[in-house]
S.K.: 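Before I ask anything, let me first share the structure, which is written out below as C-alpha cells.
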Amino acid sequence: MAQRETDTVPIHAQVLIVGGGNGGVSLAARLNRQGVNDVVIVEPRVEHQYRPLLSYVGAGLASIDAARRPQEQAMPSGSRWVRDAVDRVDPGASTVTLTGGATIRYDQLVLAAGSRPDWDAIPGSAEALLAENASTNYLFDLAPKTWRLVDGMRSGTALFTMPDDTCPCAGAAQKILYLACDLWRSRGVLGDIRVVLTVPTPTVFGVPVVDDELMRTIAEYGIELRTNTTVRRLDRETSTATLATDGATSALTYDLLHLTPPHAAPAWVEHSGLSSVNAGGFVDVDPGTLQHRRHPNVWALGDIAATPGSSSGGGLRKQTPVVAKNLRSVLAGKPPTQRATGYTVSPFTVSRRTMVFAEFGPDGAPMPSTRLIELRKERRSTFLLDRHALPWIYWHRILRGKA
C-alpha cells in the first residue's frame with residue numbers, strides 16, 4: 001500500500017479524487033483493483049487517521065497512536081498522491097486548482113474531502129475548547145484531553161452536546177457520554193456528578209429503532225436528558241452554555257464540557273457552485289447514484305455529500321462500491337446504474353464493555369445487515385467488534401478496496 005507523494009503535479013487525470021481519507025483511499029484502491037490506473041488523489045495531510053477510535057481514546061480505552069499512521073502507508077500503490085489542498089473547482093472546465101497554484105484537468109472528479117467543524121455556528125465554541133475544562137473527540141488532537149477530563153472528574157456538572165445531522169456519525173457524541181458514566185459509576189462518583197445531555201431531536205437520537213434501548217441506559221446512569229435543545233453560545237470565562245429549548249433560552253454552568261460541533265463542507269464547495277439551496281453548502285448529488293445533479297462528471301461520497309440521514313463510516317463503506325461501479329460504467333460510455341440505499345450505522349458504547357449497534361436507513365427505519373443476531377440490543381460481542389476487529393479491518397481491508 002505504501003505510496004509516496006508525486007514529485008510533479010500531473011496536468012490531467014482520468015479520475016481525480018479530492019480527499020485521502022477513508023472514502024478517497026478505499027475508492028482509489030477499489031478502482032485500481034478493477035483496472036482503472038489513471039487515478040490521482042489530492043490530500044494535504046501526511047497523517048492518516050482512523051477517527052472512529054477517538055471515542056475510545058477519549059475514554060482511556062485506546063491510545064492516540066493506534067488511530068494514526070503515515071499517509072503514505074495508506075495510499076494505494078496504483079494511484080498518484082498529490083500533497084496539496086484544493087483552492088477551487090471549475091466544473092464547467094473540468095479543472096481543479098490547488099492552493100499551490102497548479103491546475104489539474106479531469107475526466108471524472110470524486111469529492112471525498114469530508115467536512116469541517118463550523119465554529120461560527122456556535123459563537124464562542126472555538127474559544128471554549130481552549131479552556132482546561134472543555135474538549136471534543138471530533139478534533140483528533142483533543143481526544144487525549146477528553147480522557148484527562150473524564151479521568152479527573154469527581155463532582156460537578158458534566159455537559160455533553162449533540163448537534164444537528166450535519167455532524168458526521170452523530171452517535172459518537174453519545175459514545176463518550178456512556179463510557180464516561182460507566183467509569184464514574186465504577187469509581188463510586190457518578191452520584192456526585194450532574195450529567196446533562198442536550199439533543200436537538202424530540203427523542204434521545206431521533207431514530208425509533210434505538211431510542212428505547214438508549215433511554216434504558218440514560219435512566220440507568222441518571223442522565224438529565226434535554227430534548228429539542230441546541231447550544232446557542234459558549235462563554236469560556238464563566239464556563240457557561242446558553243441553551244435553547246423549544247424557543248426558550250437558559251444558562252447552564254459546567255465543570256466539564258464535551259462539545260460536538262455542527263459541521264460544514266469545505267468552503268470551496270459552495271464557492272465552486274457545487275452546492276445548492278437544498279444541499280446546505282454540501283455537494284448536491286443524487287443520493288442514489290452519488291452523481292452531481294448538474295455536472296455529470298462530478299461525484300461525491302461521505303460527509304461532503306448532501307445525502308439524507310446521518311453519515312457514518314459504515315454508510316461510506318456502502319457508498320464506495322456504488323461510486324466505483326458507476327465510474328467504471330461511465331468510463332466505458334455507459335450510464336450509471338448502481339444506487340446507494342442510504343444505509344448508515346451508529347454504534348453506541350453504552351458501557352465500557354457493551355454496545356448497541358444501530359443500523360437504519362435515511363428515514364430511520366431499521367436496515368439490519370444480518371438477520372442472525374439482533375445487533376441493536378446491548379451486546380459484548382459488538383463492543384469487541386467495534387473496538388478491536390473494525391480497526392484491523394479498516395487498515396488491512398477497507399483501505400485496500402477489499403471490504
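In this text the structure is predicted, and so the values were computed from the model without any measurement.
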S.K.: For N326, give me all partners under side chain to side chain donor-acceptor pair (under 3.5 Å), at least two apart in sequence or on another chain.
M.R.: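 Once residues adjacent in sequence are excluded, N326 has no partner under the side chain to side chain donor-acceptor pair (under 3.5 Å) criterion.
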S.K.: Considering only heavy atoms from C-beta outward, does the side chain of P91 approach that of Y106 to under 4.5 Å?
M.R.: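 Of all side-chain heavy-atom pairs linking Y106 with P91, at least one is under 4.5 Å.
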S.K.: Is it true that, when you exclude R353 itself, more than 12 heavy atoms of the residues, nucleotides or ligands shown sit nearer than 6.0 Å to its CZ?
M.R.: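 12 or below, so no.
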S.K.: Which one of L139, L159, L234 satisfies the side-chain contact (heavy atoms from CB on, under 4.5 Å) criterion with L259?
M.R.: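 Only one of L139, L159, L234 forms a side-chain contact (heavy atoms from CB on, under 4.5 Å) with L259, namely L234.
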S.K.: In Å and rounded to the nearest 0.5 Å, what is the CZ to CD distance from R83 to Q71?
M.R.: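 If we round to the nearest 0.5 Å, R83:CZ and Q71:CD are 10.0 Å apart.
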S.K.: Salt bridge or not for D386 and K175, using N-O below 4.0 Å?
M.R.: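 Yes, D386 and K175 are salt-bridged.
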S.K.: Is the number of heavy atoms from other residues, nucleotides or ligands under 6.0 Å of I11 CD1 greater than 12?
M.R.: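 Counting neighbours around CD1 of I11, 12 or fewer heavy atoms of other residues, nucleotides or ligands fall under 6.0 Å, so no.
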S.K.: Can you tell me how far CG of L61 sits from CZ of R387, rounded to the nearest 0.5 angstrom?
M.R.: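 Spacing of CZ (R387) from CG (L61) equals 7.0 Å.
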S.K.: Any heavy-atom pair between the side chains of L290 and T307 that's under 4.5 Å?
M.R.: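 Heavy-atom side-chain distance check passes, below 4.5 Å.
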S.K.: Determine, stepwise, if the pair R194 / D255 fulfils salt bridge (charged side-chain N to carboxylate O under 4.0 Å, His left out).
M.R.: CA-CA 10 Å; R194 179 190 181 192; D255 299 285; over 6 Å; no
S.K.: If you measure only the distance, is there a donor-acceptor pair under 3.5 Å linking the side chains of W81 and E72?
M.R.: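 There is no such pair between these side chains.
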S.K.: H258: what forms a ring pair (Phe, Tyr, Trp, His ring centres under 6.0 Å) with it, not counting sequence neighbours?
M.R.: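 Checked H258 against ring pair (Phe, Tyr, Trp, His ring centres under 6.0 Å); zero matches.
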S.K.: Is the number of heavy atoms from other residues, nucleotides or ligands within 6.0 Å of CD (Q49) greater than 12?
M.R.: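 Atom CD in Q49 is crowded, with more than 12 foreign heavy atoms closer than 6.0 Å.
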S.K.: Check this for me: R379, atom CZ, are more than 12 non-hydrogen atoms of other residues, nucleotides or ligands nearer than 6.0 Å?
M.R.: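 Enclosed: over 12 neighbouring heavy atoms sit under 6.0 Å from CZ of R379.
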S.K.: Would you please say whether a donor-acceptor pair under 3.5 Å links the side chains of T249 and T242?
M.R.: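 Distance-only check fails for T249 and T242.
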S.K.: Quick one: are F360 and T344 in side-chain contact, heavy atoms under 4.5 Å?
M.R.: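 F360 reaches T344 side chain to side chain.
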S.K.: Distance from L301 atom CG to L27 atom CG, nearest 0.5 Å?
M.R.: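 CG of L27 is found 6.5 Å from CG of L301.
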S.K.: Would you say that more than 12 heavy atoms from the other residues, nucleotides or ligands in this model lie under 6.0 Å from the CZ of R328, or not?
M.R.: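 Incorrect, the count does not exceed 12.
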S.K.: Would you check, one step at a time, whether the test side chain to side chain contact (heavy atoms under 4.5 Å, CB included) holds for V25 with E43?
M.R.: CA-CA 10 Å; V25 170; E43 171 55 57; over 6 Å; no
S.K.: Going by an N to O cut-off under 4.0 Å, is there a salt bridge joining D182 and R352?
M.R.: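 Salt bridge: no.
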S.K.: More than 12 heavy atoms of other residues, nucleotides or ligands under 6.0 Å from CZ of R232: yes or no?
M.R.: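 No, not enclosed.
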S.K.: Spell out, as yes or no, whether a donor-acceptor pair under 3.5 Å connects the side chain of T253 to the backbone of T240.
M.R.: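 Looks like no, no N/O pair under 3.5 Å.
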S.K.: State, to 0.1 Å, how close T230 and P200 come at their nearest heavy-atom pair, and which atoms those are.
M.R.: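 Smallest heavy-atom distance, with atoms named: CG2-CB, 3.9 Å.
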S.K.: Just wondering, do F383 and V350 contact through their side chains at under 4.5 Å, heavy atoms?
M.R.: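 When only atoms from C-beta onward are counted, F383 and V350 do not touch, as no gap falls below 4.5 Å.
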S.K.: Check whether any side-chain N or O of D211 sits under 3.5 Å from a backbone N or O of T203 as a donor-acceptor pair, and report yes or no.
M.R.: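 No: the side chain of D211 does not pair with the backbone of T203.
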S.K.: Give a yes or no answer on whether the side chain of N228 reaches the backbone of T245 with a donor-acceptor pair at less than 3.5 Å.
M.R.: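 Absent.
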S.K.: Taking the six-membered ring for Trp and the single ring otherwise, decide whether the centroids of Y254 and F160 are under 6.0 Å apart.
M.R.: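 They do not qualify: ring centres at least 6.0 Å apart.
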S.K.: Has the side chain of E213 got a donor or acceptor atom that lies under 3.5 Å from a matching backbone atom of K377?
M.R.: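 Not confirmed, E213 side chain does not pair with K377 backbone.
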S.K.: Salt-bridged, R45 to E47, with N to O below 4.0 Å?
M.R.: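 No.
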S.K.: Is there a side-chain contact between M162 and T260 (heavy atoms, below 4.5 Å)?
M.R.: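 With C-beta onward as the side chain, the pair stays apart.
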S.K.: Evaluate I64 against L54 for side chain to side chain contact (heavy atoms under 4.5 Å, CB included), listing each step before the verdict.
M.R.: CA-CA 7 Å; I64 193 68; L54 295 185; 3.8 Å; yes
S.K.: Between the side chains of N32 and S79, is a donor N or O closer than 3.5 angstrom to an acceptor N or O?
M.R.: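 Yes - a donor-acceptor pair under 3.5 Å links their side chains.
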S.K.: Counting only N and O atoms by type, is there a donor-acceptor contact under 3.5 Å from the side chain of Q319 to the main-chain atoms of G302?
M.R.: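 It does hold such a pair.
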S.K.: Any side-chain heavy atom of P262 within less than 4.5 Å of one from I122?
M.R.: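 Sidechains of I122 and P262: in contact.
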S.K.: Could you state the interatomic distance from CZ (R400) to OH (Y394), rounded to the nearest 0.5 Å?
M.R.: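 Atom-to-atom, R400:CZ and Y394:OH are 13.0 Å apart.
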S.K.: Take a 6.0 Å sphere around CZ of R233 and say whether it holds more than 12 heavy atoms from other residues, nucleotides or ligands.
M.R.: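 No, CZ of R233 has 12 or fewer neighbouring heavy atoms, counting only those of other groups under 6.0 Å.
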S.K.: Measure the spacing between CG of L179 and CG of L183 and express it to the nearest 0.5 Å.
M.R.: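 Spacing of CG (L179) from CG (L183) equals 9.0 Å.
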S.K.: Give every residue pair that meets the side-chain hydrogen bond (donor to acceptor under 3.5 Å, both in side chains) criterion with at least one member in residues 123-146, sequence neighbours excluded.
M.R.: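 Residue pairs passing side-chain hydrogen bond (donor to acceptor under 3.5 Å, both in side chains), neighbours aside: N133-S239, S135-T146, N137-T146.
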S.K.: Flag the pair C167 / H263 as yes when at least one side-chain heavy-atom distance between them is below 4.5 Å, and no otherwise.
M.R.: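 Yes. Closest side-chain heavy atoms under 4.5 Å.
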S.K.: Hey, mind stepping through Y178 and V356 against side chain to side chain contact (heavy atoms under 4.5 Å, CB included) and telling me if it holds?
M.R.: CA-CA 11 Å; Y178 305 131; V356 172; over 6 Å; no
S.K.: Please test R51 against C169 for side chain to side chain contact (heavy atoms under 4.5 Å, CB included), starting from the C-alpha separation and ending with a verdict.
M.R.: CA-CA 10 Å; R51 304 186 72 83; C169 198; over 6 Å; no
S.K.: If we only count heavy atoms from C-beta on, is the V195 to Y221 side-chain gap below 4.5 Å?
M.R.: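 In short, these two side chains do not touch, never coming nearer than 4.5 Å.
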S.K.: Nearest 0.5 Å, what's the NZ-CZ distance between K325 and R30?
M.R.: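 The CZ atom of R30 is 8.0 Å from NZ of K325, to the nearest 0.5 Å.
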S.K.: Would a distance-only check, ignoring hydrogens and angles, find a side-chain to backbone donor-acceptor pair under 3.5 Å from D303 to P168?
M.R.: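 Not confirmed, D303 side chain does not pair with P168 backbone.
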S.K.: Minimum heavy-atom separation for A305 and V285, please, with both atom names.
M.R.: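 That would be CB-CG2, 4.0 Å.
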S.K.: So, for E359 and V345, which heavy atoms are closest and what is the spacing to 0.1 Å?
M.R.: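 That would be CG-CG2, 3.8 Å.
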S.K.: Looking only at atom types and distance, does a side-chain atom of H292 sit under 3.5 Å from a main-chain N or O of R294, one as donor and one as acceptor?
M.R.: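 Judged by distance alone, yes, a pair lies under 3.5 Å.
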